[in-house]
Student: 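Below is a structure I'd like to ask you about.
In the text below, chain A, chain B and the rest are named by the order of the sequence lines, each starting its count at 1. Only heavy atoms go into these numbers, but all of them, side chains included; no hydrogens, no water, no symmetry mates. All values derive from a computational prediction rather than experimental measurement.
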Amino acid sequence: MSVGLNHYLFLAAVLFVLGLYAVITKKNAVTVLMGIELILNAANINFVAFSRYTDTDMDGQVFAIFVIVTAAAAAAVALAIVLNLYERLKSINLDEADSLSG
Amino acid sequence: MQDIMFYMFAALTIASAGVMVFSRSVIYSAVGLLFTFFGVAGIYVLLAADFVAVAQVMIYVGGILVLLLFGVMLSQRVTGVNMRTETLQTVPAAIVAVGVLFILFRVISKTEWLVKAKTTFEPTTAKLGTLLMTDYLIPFEIVSVLLLGALIGAAFIARKG
Amino acid sequence: MLYNFATILVFLVFGCLFVGVNLLLSRLLQTRNPFPMKVSTYECGELPEGDSWIQFNIRFYVIALIFLIFEVEIVFLFPWAVVFKHLGTFAFVEMMIFIAILLVGLAYVWVKGDLEWDKPKQVPAQGLLP
Amino acid sequence: MPVLSANHAVINALSILPTFSETLTNVLFMVLGAVIITGLAALLALVSVYLERKVSAHMQDRLGPMEVNTEIPILKNIGHGWAQTLADAFKLLLKEDIVPAAADKKLHLLAPFIVFAATLAAFAVLPFGRNLIPSDLNVGVFYLIAISSFVVVGIILAGWASNNKWSLLGAMRSAAQIVSFEIPASVSVLVVIMAVGSLNLGEIVEFQEGGIHRWLIWRFFPFNLLAFFIFFVASLAELNRAPFDLPEAESEIIAGFHTEYSGMKFAMFFLAEYANMFLVGVIISTLFLGGWSSPFGSFLNSAPFQVFWVFVKSFAIIFVHMWLRWTLPRVRVDQLMYTSWKVLTPFAFVSMLGVGLWMILIQ
């Protein structure tokens with residue numbers, strides 16, 4: 001059976017689930033962020049695959065670029081928060097960051 | 001040949017994503033992520049998205065991964081022992097993950113997709129440029145505001161630490 | 001197009017093979033005689049002081065951050081530059097707005113001193129001086 | 001019926017055969033190209049190391065290596081210690097590969113693979129002549145910028161895996177320096193792409209064919225010249241070369257990220273470093289100096305000469321790199337960041353703006 005749309009979607013689904021698992025289980029904020037990047041990559045594979053396998057023009061690819069950009073912005077801000085957290089608590093375990101007041 | 005390449009890249013992507021998720025050390029997770037990003041770039045090439053593939057390598061590997069590594073270096077005692085990342089709620093997470101995977105697989109295989117595959121491989125850069133300047137002009141300009149906000153906000157938060 | 005990318009993949013694999021073969025060859029030819037003193041961490045012949053933990057300055061992160069934001073911008077600049085000849089003035093104005101907004105960010109970190117590697121010394125406010 | 005279907009199977013198999021053999025020849029060509037380019041990269045690195053020593057020596061009024069020659073009759077008379085780097089390579093091959101006990105063994109091994117493979121992969125798109133491009137990629141320039149990011153990750157991993165303060169500090173400095181200068185370098189490349197309207201390196205060279213006056217360095221004077229200068233300075237910094245060799249400042253942090261590397265692993269970093277020098281030489285000559293095209297128009301522009309011009313131009317740039325090393329003192333870290341963010345980046349945008357306005361006003 002030759003590779004078609006479904007294969008790409010299955011791949012993306014596996015990647016998504018791995019990312020989800022990392023987000024749920026990891027205590028370390030940086031690894032949670034990595035899990036989020038996996039999820040975004042999975043979504044991107046779907047965008048590009050649909051752009052290839054359906055009648056739309058290249059909109060999927062444009063969306064993929066926008067997703068990459070958003071991921072970059074998110075990573076930048078999230079890591080800044082992680083570093084700030086570390087300065088205050090000397091730890092980046094998310095369980096210990098349960099107070100809203102600085 | 002393309003099918004073989006697909007399976008190779010898919011295997012690389014999933015295996016390295018597995019390393020990322022299940023390794024105990026943050027740095028090993030980062031290395032796993034490096035190969036995941038590379039594998040996904042390969043998948044994009046097979047989907048005829050050459051520009052997106054290179055952009056993926058450039059931003060994810062060259063930008064986000066480097067930033068993550070810098071963040072790791074800055075936020076923990078950088079020795080082998082203390083780079084551990086603990087896990088919790090493994091069992092419920094596994095149940096949720098398998099459940100979601102099952103649902104996704106079922107949805108994907110049951111749905112009748114309106115497939116109309118393209119078979120040609122054409123350069124995409126010029127077309128992307130035109131689309132960004134015409135149809136996607138507003139999102140494109142908003143992206144610059146988003147990036148500005150991210151830059152100012154992140155620099156502000158990091159400096160306060 | 002696929003052919004060109006496949007060539008790059010072959011180059012990557014070949015680069016790894018080259019390193020692997022050389023390391024293997026060297027492994028076969030060399031004499032190995034490690035002893036604790038030899039495999040200790042190098043510190044100019046002294047015994048290593050403490051572990052290798054250094055508290056890096058936050059500036060490293062801020063530099064990487066500014067880099068990431070501008071790299072994303074460059075990803076948009078490349079397709080624009082390719083079609084610039086055909087689209088003309090309108091595209092030029094659009095891109096100038098885009099760049100101008102991001103240069104505000106550069107100006108911000110410039111003014112706030114994030115680009116200075118040696119942070120200026122904290123001078124106490126005038127009123128607090130004895 | 002079974003006979004018929006068996007026939008069908010045979011016919012099907014036969015119809016696949018041509019495509020299969022085609023694929024096989026394609027793969028053979030790729031492998032051949034990879035073998036040639038790997039050999040070339042290794043050879044060029046050896047030559048560059050030798051040149052570095054000789055050029056440095058003569059600039060300081062010394063002779064440099066003179067002793068190491070072979071006893072092979074014809075090669076014996078060349079003299080000038082030409083076999084020095086060969087001997088060094090053999091020495092490194094025979095040396096013990098020391099892995100510090102405190103290091104992370106797996107990552108310590110992985111880092112040289114990443115750095116060397118990424119460098120070699122960048123060689124794949126270099127145009128050595130009209131039909132001598134291993135991979136004529138249509139996003140060539142963009143790809144070159146992207147693939148260099150693997151090197152940054154490799155350097156950080158090498159520094160971390162060594163578990164040594166100096167390695168880690170050197171790695172972080174290297175990484176911060178490389179990423180800081182990547183922005184002005186990428187922006188200054190844009191002036192070339194705007195003029196040519198393509199990311200393909202072959203097309204960029206073809207655009208400049210027809211003599212020295214067609215080279216992109218002279219276009220839109222003085223904006224392209226400014227962009228060329230910015231790219232050149234940024235490339236010096238990305239190569240960690242003097243005056244921007246802070247990550248390897250011997251007196252401060254020993255040898256930077258590869259302090260804990262010895263034997264063949266060290267040789268791989270070293271090889272990648274000098275191969276990168278040649279790579280940058282070819283990139284600069286392709287983008288701004290006409291690449292393979294002859295400076296005299298169609299005169300001396302046949303295939304062998306095209307390769308010759310690529311080498312002449314890139315070695316000229318390598319020579320300038322070496323020359324600067326013995327002319328300029330090392331900059332300080334704050335000066336480095338100042339150069340990158342407050343001088344080169346704004347001026348790169350200025351040159352881009354200038355070229356854009358110029359192109360619009362002329363149309």
Student: Between A:Phe63 and B:Tyr136, how do the two ring planes meet: parallel, tilted or perpendicular, split at 30° and 60°?
Tutor: perpendicular
Student: Please round to the nearest 0.5 Å and tell me the distance separating atom OH of A:Tyr8 and atom CD1 of B:Ile43.
Tutor: 6.0 Å
Student: Using a cut-off of under 4.5 Å on heavy-atom pairs, state which of B:Thr111, B:Leu151, B:Leu104 scores highest against chain A.
Tutor: B:Leu104
Student: Name the member of B:Thr13, B:Leu131, B:Leu68 that forms the most heavy-atom pairs with chain A at distances under 4.5 Å.
Tutor: B:Leu68
Student: What part of A:Leu38 gets closer than 4.5 Å to chain B, counting heavy atoms only: side chain, backbone, both or neither?
Tutor: side chain
Student: Which bit of A:Leu18 is near chain B, if near means a heavy-atom gap under 4.5 Å: side chain, backbone, both or neither?
Tutor: both
Student: Let me know if B:Ile64 has heavy atoms under 4.5 Å from chain A in its side chain, its backbone, both or neither.
Tutor: side chain
Student: How long is the straight-line distance from CD1 of B:Ile95 back to OH of A:Tyr21, given to the nearest 0.5 Å?
Tutor: 10.5 Å
Student: With a 4.5 angstrom heavy-atom cut-off, is it the side chain or the backbone of B:Ala30 that approaches chain A, or both, or neither?
Tutor: both
Student: Where does B:Ile59 contact chain A at under 4.5 Å (heavy atoms): side chain, backbone, both or neither?
Tutor: side chain
Student: Of the listed residues (B:Val100, B:Val107, B:Leu132), which shares the most heavy-atom pairs with chain A below a 4.5 Å separation?
Tutor: B:Val100
Student: As an exercise: rank B:Gly149, B:Gly63, B:Gly153, B:Pro139 by heavy-atom pairs under 4.5 Å with chain A and give me the winner.
Tutor: B:Pro139
Student: Using non-hydrogen atoms and a 4.5 Å limit, figure out which bit of A:Leu15 sits close to chain B: side chain, backbone, both or neither.
Tutor: side chain
Student: How many angstroms lie between atom CZ of A:Phe10 and atom CG of B:Leu101, to the nearest 0.5 angstrom?
Tutor: 9.5 Å
Student: Do B:Met20 and A:Thr31 come within less than 4.5 Å of each other through their side chains, counting heavy atoms only?
Tutor: yes
Student: Is a side-chain donor or acceptor of A:Asn84 paired with a backbone partner of B:Ile157 at a separation under 3.5 angstrom?
Tutor: yes
Student: Hey, does the Lys NZ or Arg CZ of A:Arg52 hover above the aromatic six-ring of B:Phe121, less than 6.0 Å from the centre and inside 45° of the axis?
Tutor: yes
Student: Distance check, rounded to the nearest 0.5 Å: B:Trp113 atom CH2 versus A:Thr54 atom OG1?
Tutor: 10.0 Å
Student: A:Ala71 versus chain B, heavy atoms under 4.5 Å apart: side chain, backbone, both or neither?
Tutor: both
Student: Given heavy-atom pairs under 4.5 angstrom as the criterion, report whether the side chain, backbone, both or neither of B:Leu33 touches chain A.
Tutor: side chain
Student: Counting only non-hydrogen atoms closer than 4.5 Å, does B:Phe37 touch chain A with its backbone (N, CA, C, O), its side chain (CB onward), both, or neither?
Tutor: side chain
Student: Hey, do the aromatic rings of A:Phe66 and B:Phe140 have their centres closer than 6.0 Å?
Tutor: no
Student: Distance from B:Asp135 atom CG to A:Met58 atom CE, nearest 0.5 Å?
Tutor: 11.0 Å
Student: Between B:Leu147 and chain A, which part of the residue has a heavy atom less than 4.5 Å away: side chain, backbone, both or neither?
Tutor: side chain
Student: With chain A, which of B:Ile14, B:Ile108, B:Val52 has the greatest number of heavy-atom pairs at distances under 4.5 Å?
Tutor: B:Ile108
Student: Below 4.5 Å from any heavy atom of chain B, which atoms of A:Leu5 appear? Answer side chain, backbone, both or neither.
Tutor: side chain
Student: Relative to chain A, which of B:Ala55, B:Ala155, B:Ala10 shows the most heavy atom pairs under 4.5 Å?
Tutor: B:Ala10
Student: What residues, two or more places apart in sequence or in another chain, satisfy side chain to side chain donor-acceptor pair (under 3.5 Å) together with B:Gln56?
Tutor: A:Asn41
Student: Go through the atoms of A:Ala73 and report whether side chain, backbone, both or neither lie under 4.5 Å from a heavy atom of chain B.
Tutor: both
Student: Less than 4.5 Å apart, side chain to side chain, heavy atoms only: is that true for B:Phe6 and A:His7?
Tutor: yes
